[in-house]
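What follows is a short report on a single structure.
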Amino acid sequence: MVGSASTLAENDDKLRPEDRRELSRAIYDEARRMSNLVNNILDMARLDAGW
C-alpha cells in the first residue's frame with residue numbers, strides 16, 4: 001500500500017491514467033483488507049477480555 005501510494009504521489013505526472021487507476025484501486029483494496037484485519041483483531045481482543 002505504501003509503495004503504491006508513494007508511486008502515485010511522486011510520479012503522478014508521469015503515469016498513464018490506467019496506471020493511476022490501478023494504483024488507486026490497489027491502495028483501496030489493501031486499505032479495506034487492513035481495516036478488516038484490524039476489526040478482527042479488535043473483536044478477538046474483546047472476546048479475550050470477556051466483553
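Both backbone and side-chain heavy atoms feed into the values below; hydrogens, waters and symmetry mates do not. Note that the numbering runs from 1 along the sequence shown for the chain.
- Checked for salt-bridge contact, R25 and E22 miss the test: no charged N lies under 4.0 Å from a carboxylate O.
- Taking CZ from R46 and CG from D48, the interatomic distance works out to 12.5 Å, rounded to the nearest 0.5 Å.
- Distance CD/E30 to CZ/R33: 4.0 Å, rounded to 0.5 Å.
- Between atom CG of residue L47 and atom CG of residue L42 there is a gap of 11.0 Å, rounded to the nearest 0.5 Å.
- Distance check, rounded to the nearest 0.5 Å: OG1 of T7 to CD1 of I27 gives 8.5 Å.
- Classification of D29 and R32 as a salt-bridged pair fails, no side-chain N sitting under 4.0 Å from a carboxylate O.
- Taking CG from L23 and CG from N11, the interatomic distance works out to 9.5 Å, rounded to the nearest 0.5 Å.
- Judged by distance alone, the side chain of S24 and the main-chain N or O of R20 form a donor-acceptor pair under 3.5 Å.
- For the pair D19/R16, a side-chain contact is recorded, criterion being any heavy-atom separation below 4.5 Å from C-beta on.
- No donor-acceptor distance shorter than 3.5 angstrom exists from the side chain of S4 to the backbone of M1, with no hydrogens or angles considered.
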